[in-house]
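Here is the structure we will look at, set down as C-alpha coordinates.
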Protein chains: 2
Amino acid sequence: MSTPAPEERLIGTAADVGHLVREVRVQQGLTQPELAAASGTGVRFIVDLERGKPTVRLGLTLRVLWMLGIRLRAED
Amino acid sequence: MSTPAPEERLIGTAADVGHLVREVRVQQGLTQPELAAASGTGVRFIVDLERGKPTVRLGLTLRVLWMLGIRLRAED
DNA sequence: AGGGAAATTGCCCGATCGGGACATTTCTTC
DNA sequence: GAAGAAATGTCCCGATCGGGCAATTTCCCT
(Lines give C-alpha, C1' and ligand atoms only; values in the text may rest on other atoms or scores of the structure.)
Protein backbone atom coordinates (compact mmCIF):
# COMPACT_ATOMS: atom_id res chain seq x y z
CA MET A 1 0.00 0.00 0.00
CA SER A 2 1.94 2.93 -1.30
CA THR A 3 -0.87 5.44 -1.17
CA PRO A 4 0.32 8.58 0.60
CA ALA A 5 -1.49 9.95 3.60
CA PRO A 6 -5.12 10.53 2.71
CA GLU A 7 -4.93 14.07 3.84
CA GLU A 8 -2.03 15.79 5.46
CA ARG A 9 -1.57 19.30 6.64
CA LEU A 10 0.92 21.45 8.38
CA ILE A 11 -0.10 22.60 11.82
CA GLY A 12 1.38 25.86 12.97
CA THR A 13 -1.29 27.68 14.93
CA ALA A 14 -4.29 27.03 17.10
CA ALA A 15 -6.42 28.26 14.23
CA ASP A 16 -5.01 25.53 12.01
CA VAL A 17 -5.98 22.97 14.63
CA GLY A 18 -9.43 24.43 15.08
CA HIS A 19 -10.25 24.51 11.40
CA LEU A 20 -9.11 20.96 10.96
CA VAL A 21 -11.13 19.70 13.91
CA ARG A 22 -14.26 21.34 12.59
CA GLU A 23 -13.75 20.01 9.13
CA VAL A 24 -13.20 16.44 10.20
CA ARG A 25 -16.02 16.56 12.71
CA VAL A 26 -18.51 17.75 10.10
CA GLN A 27 -17.14 15.24 7.64
CA GLN A 28 -17.86 12.49 10.15
CA GLY A 29 -21.36 13.86 10.73
CA LEU A 30 -20.79 14.56 14.40
CA THR A 31 -22.30 17.44 16.34
CA GLN A 32 -20.23 19.39 18.83
CA PRO A 33 -21.97 17.80 21.81
CA GLU A 34 -21.33 14.36 20.38
CA LEU A 35 -17.67 15.06 19.89
CA ALA A 36 -17.48 16.57 23.36
CA ALA A 37 -19.05 13.51 24.91
CA ALA A 38 -16.83 11.18 22.96
CA SER A 39 -13.74 13.08 24.05
CA GLY A 40 -14.72 13.36 27.67
CA THR A 41 -15.01 17.12 27.62
CA GLY A 42 -17.71 19.76 27.28
CA VAL A 43 -19.25 21.72 24.43
CA ARG A 44 -17.62 24.84 25.74
CA PHE A 45 -14.22 23.40 25.00
CA ILE A 46 -15.12 22.20 21.53
CA VAL A 47 -16.49 25.58 20.55
CA ASP A 48 -13.35 27.32 21.75
CA LEU A 49 -11.07 24.77 20.12
CA GLU A 50 -12.79 25.02 16.76
CA ARG A 51 -12.67 28.78 17.03
CA GLY A 52 -8.92 28.53 17.18
CA LYS A 53 -8.57 29.90 20.70
CA PRO A 54 -4.85 29.70 21.49
CA THR A 55 -5.31 29.20 25.22
CA VAL A 56 -7.12 25.91 25.13
CA ARG A 57 -5.36 23.05 26.83
CA LEU A 58 -2.97 20.81 25.03
CA GLY A 59 -4.04 17.55 26.62
CA LEU A 60 -7.72 17.98 25.84
CA THR A 61 -6.87 19.10 22.34
CA LEU A 62 -4.80 16.03 21.65
CA ARG A 63 -7.56 13.87 22.95
CA VAL A 64 -10.10 15.38 20.63
CA LEU A 65 -7.74 14.98 17.71
CA TRP A 66 -7.17 11.35 18.57
CA MET A 67 -10.85 10.74 18.93
CA LEU A 68 -11.43 12.13 15.46
CA GLY A 69 -8.83 9.81 14.09
CA ILE A 70 -6.44 12.64 13.39
CA ARG A 71 -2.85 11.57 13.87
CA LEU A 72 -0.21 14.16 14.54
CA ARG A 73 3.34 13.65 13.43
CA ALA A 74 6.23 15.76 14.50
CA GLU A 75 9.13 16.26 12.19
CA ASP A 76 12.35 18.03 13.04
CA MET B 1 14.48 14.54 -2.92
CA SER B 2 12.90 11.29 -1.80
CA THR B 3 14.55 11.15 1.59
CA PRO B 4 11.90 10.64 4.21
CA ALA B 5 11.52 13.00 7.11
CA PRO B 6 14.74 13.20 9.09
CA GLU B 7 13.02 12.27 12.25
CA GLU B 8 9.35 11.74 12.62
CA ARG B 9 7.23 10.74 15.54
CA LEU B 10 3.67 10.20 16.41
CA ILE B 11 2.26 12.67 18.89
CA GLY B 12 -0.59 11.44 21.03
CA THR B 13 -0.13 12.93 24.46
CA ALA B 14 1.27 15.98 26.18
CA ALA B 15 4.05 13.76 27.45
CA ASP B 16 5.04 12.94 23.88
CA VAL B 17 5.23 16.64 23.12
CA GLY B 18 7.19 17.38 26.25
CA HIS B 19 9.78 14.71 25.69
CA LEU B 20 10.29 15.77 22.13
CA VAL B 21 10.69 19.43 23.05
CA ARG B 22 13.32 18.57 25.63
CA GLU B 23 15.18 16.33 23.31
CA VAL B 24 15.35 18.83 20.49
CA ARG B 25 16.19 21.67 22.84
CA VAL B 26 19.11 19.82 24.35
CA GLN B 27 20.19 18.70 20.90
CA GLN B 28 20.32 22.32 19.82
CA GLY B 29 22.28 23.24 22.94
CA LEU B 30 19.67 25.60 24.25
CA THR B 31 18.86 26.17 27.90
CA GLN B 32 15.31 26.46 29.06
CA PRO B 33 15.60 30.22 29.65
CA GLU B 34 16.98 30.66 26.13
CA LEU B 35 14.15 28.69 24.61
CA ALA B 36 11.66 30.59 26.74
CA ALA B 37 13.05 33.91 25.58
CA ALA B 38 13.13 32.82 21.98
CA SER B 39 9.50 31.70 22.19
CA GLY B 40 8.28 34.76 23.99
CA THR B 41 7.30 32.88 27.12
CA GLY B 42 8.71 32.12 30.55
CA VAL B 43 10.78 29.37 32.07
CA ARG B 44 7.81 28.24 34.11
CA PHE B 45 6.01 27.32 30.94
CA ILE B 46 8.93 25.50 29.39
CA VAL B 47 9.43 23.41 32.51
CA ASP B 48 5.77 22.46 32.61
CA LEU B 49 5.68 21.73 28.89
CA GLU B 50 8.73 19.49 29.00
CA ARG B 51 7.29 17.75 32.01
CA GLY B 52 4.35 16.77 29.89
CA LYS B 53 1.76 18.75 31.81
CA PRO B 54 -1.51 18.26 29.89
CA THR B 55 -2.97 21.61 30.85
CA VAL B 56 -0.43 23.82 29.16
CA ARG B 57 -1.77 26.08 26.46
CA LEU B 58 -1.95 25.02 22.88
CA GLY B 59 -0.90 28.30 21.32
CA LEU B 60 2.25 28.65 23.38
CA THR B 61 3.08 25.03 22.78
CA LEU B 62 2.84 25.38 19.05
CA ARG B 63 5.01 28.44 19.20
CA VAL B 64 7.74 26.63 21.06
CA LEU B 65 7.58 23.76 18.61
CA TRP B 66 7.86 26.11 15.70
CA MET B 67 10.75 27.91 17.26
CA LEU B 68 12.60 24.63 17.65
CA GLY B 69 12.04 23.88 14.02
CA ILE B 70 9.62 21.10 14.79
CA ARG B 71 6.93 20.84 12.18
CA LEU B 72 3.65 19.21 13.02
CA ARG B 73 1.63 17.45 10.42
CA ALA B 74 -1.89 16.23 10.87
CA GLU B 75 -3.10 13.23 9.02
CA ASP B 76 -6.63 11.94 8.99
C1' DA C 1 34.91 16.69 46.65
C1' DG C 2 34.03 21.31 44.88
C1' DG C 3 32.16 24.68 41.91
C1' DG C 4 29.30 26.46 38.57
C1' DA C 5 25.54 25.97 35.48
C1' DA C 6 21.11 24.38 34.62
C1' DA C 7 16.84 22.65 36.08
C1' DT C 8 13.07 22.38 39.22
C1' DT C 9 10.14 23.87 42.82
C1' DG C 10 7.69 27.06 46.00
C1' DC C 11 5.26 31.12 46.13
C1' DC C 12 2.45 35.10 44.74
C1' DC C 13 -1.27 36.69 42.13
C1' DG C 14 -3.82 38.58 38.09
C1' DA C 15 -6.01 36.48 34.45
C1' DT C 16 -8.95 33.17 32.66
C1' DC C 17 -10.04 28.14 31.50
C1' DG C 18 -13.74 25.18 30.95
C1' DG C 19 -17.93 22.57 32.78
C1' DG C 20 -22.57 23.40 32.92
C1' DA C 21 -26.90 25.73 32.21
C1' DC C 22 -29.62 28.55 29.56
C1' DA C 23 -30.49 32.26 26.05
C1' DT C 24 -29.81 33.72 21.50
C1' DT C 25 -28.34 33.25 16.87
C1' DT C 26 -27.43 30.70 12.80
C1' DC C 27 -28.20 27.10 9.63
C1' DT C 28 -30.94 23.71 7.17
C1' DT C 29 -35.00 21.79 5.36
C1' DC C 30 -39.62 21.90 3.82
C1' DG D 1 -41.89 31.86 6.41
C1' DA D 2 -41.87 28.22 10.00
C1' DA D 3 -39.78 24.70 12.58
C1' DG D 4 -36.20 22.15 14.33
C1' DA D 5 -31.40 21.26 14.87
C1' DA D 6 -26.96 22.94 15.65
C1' DA D 7 -23.84 26.43 16.95
C1' DT D 8 -22.48 30.25 19.67
C1' DG D 9 -22.80 33.61 23.38
C1' DT D 10 -23.52 34.91 28.30
C1' DC D 11 -22.99 33.93 32.91
C1' DC D 12 -21.33 31.69 37.07
C1' DC D 13 -17.54 30.01 39.59
C1' DG D 14 -14.04 26.69 41.31
C1' DA D 15 -9.70 25.55 39.71
C1' DT D 16 -5.38 26.75 38.10
C1' DC D 17 -2.27 28.72 34.33
C1' DG D 18 1.88 31.01 33.77
C1' DG D 19 5.06 35.22 34.43
C1' DG D 20 8.37 36.41 37.58
C1' DC D 21 11.46 35.74 41.32
C1' DA D 22 14.06 33.41 44.75
C1' DA D 23 15.28 29.10 46.99
C1' DT D 24 16.58 24.54 46.40
C1' DT D 25 18.01 20.59 43.89
C1' DT D 26 20.25 18.29 40.19
C1' DC D 27 23.67 17.79 36.80
C1' DC D 28 28.15 18.14 34.75
C1' DC D 29 32.95 18.82 34.71
C1' DT D 30 37.43 19.12 36.75
Spacing of [X] atom [atom1] and [Y] atom [atom2] [to the nearest 0.5 Å]:
{"X": "B:H19", "Y": "B:L49", "atom1": "NE2", "atom2": "CG", "result": "10.5 Å"}
{"X": "A:L65", "Y": "A:I70", "atom1": "CG", "atom2": "CD1", "result": "5.0 Å"}
{"X": "A:F45", "Y": "A:T61", "atom1": "CZ", "atom2": "OG1", "result": "3.5 Å"}
{"X": "B:I46", "Y": "B:L35", "atom1": "CD1", "atom2": "CG", "result": "4.0 Å"}
{"X": "B:L20", "Y": "B:L68", "atom1": "CG", "atom2": "CG", "result": "8.0 Å"}
{"X": "A:R73", "Y": "B:R9", "atom1": "CZ", "atom2": "CZ", "result": "13.0 Å"}

Between the protein and nucleotides 25-30 of chain C, which nitrogen or oxygen pairs come in under 3.5 angstrom?
none

Contact between [X] and [Y] at the side-chain level, heavy atoms closer than 4.5 Å - yes or no?
{"X": "A:K53", "Y": "B:R57", "answer": "no"}
{"X": "A:Q32", "Y": "A:R22", "answer": "yes"}
{"X": "B:L62", "Y": "A:D16", "answer": "no"}

So what is the end-to-end bend of the helix from C:dA1-D:dT30 to C:dC30-D:dG1, with 5 pairs used at each end and the value given to 10 degrees?
70°
Determine, for A:R71 against A:E8, whether the closest basic-nitrogen to carboxylate-oxygen distance falls under 4.0 angstrom.
no
Salt-bridged, B:E50 to B:R25, with N to O below 4.0 Å?
yes
Under the salt bridge (Lys or Arg N to Asp or Glu O under 4.0 Å) test, which residues partner A:E34, sequence neighbours left out?
none
Heavy atoms of chain A, cut-off under 4.0 Å: which first and last nucleotide of DNA chain D, 5' to 3', fall inside that, if you could look?
D:dA6 to D:dC17
Atom of B:M67, atom of B:A38 and distance for their closest heavy-atom approach
SD-CB, 3.2 Å
Here the pair of heavy atoms bringing A:P33 nearest to A:V43 is CA-CG2, 3.8 Å
Just how far, in rounded Å, is [atom2] of [N] from [atom1] of [X]?
{"X": "B:L49", "N": "C:dT8", "atom1": "CG", "atom2": "C1'", "value": "15 Å"}
{"X": "B:D48", "N": "C:dG10", "atom1": "CG", "atom2": "C1'", "value": "13 Å"}
{"X": "B:K53", "N": "C:dT8", "atom1": "NZ", "atom2": "C1'", "value": "14 Å"}
{"X": "B:I46", "N": "C:dT8", "atom1": "CD1", "atom2": "C1'", "value": "14 Å"}

Of all of residues 56-69 of chain B, which get a heavy atom below 4.0 angstrom from DNA chain D, listed by number?
B:V56, B:R57, B:L60
May I ask you to list the residues of residues 19-37 of chain A, by number, that have any heavy atom positioned under 4.0 Å from an atom of DNA chain D?
A:R22, A:R25, A:T31, A:Q32, A:P33
Can you tell which of B:L58, B:L60, B:T13 makes a side-chain contact (heavy atoms from CB on, under 4.5 Å) with A:L58?
B:L58
Return the 5'-most residue of the pair A:G42, B:R44 with respect to DNA chain C, ranking by each residue's nearest nucleotide.
B:R44
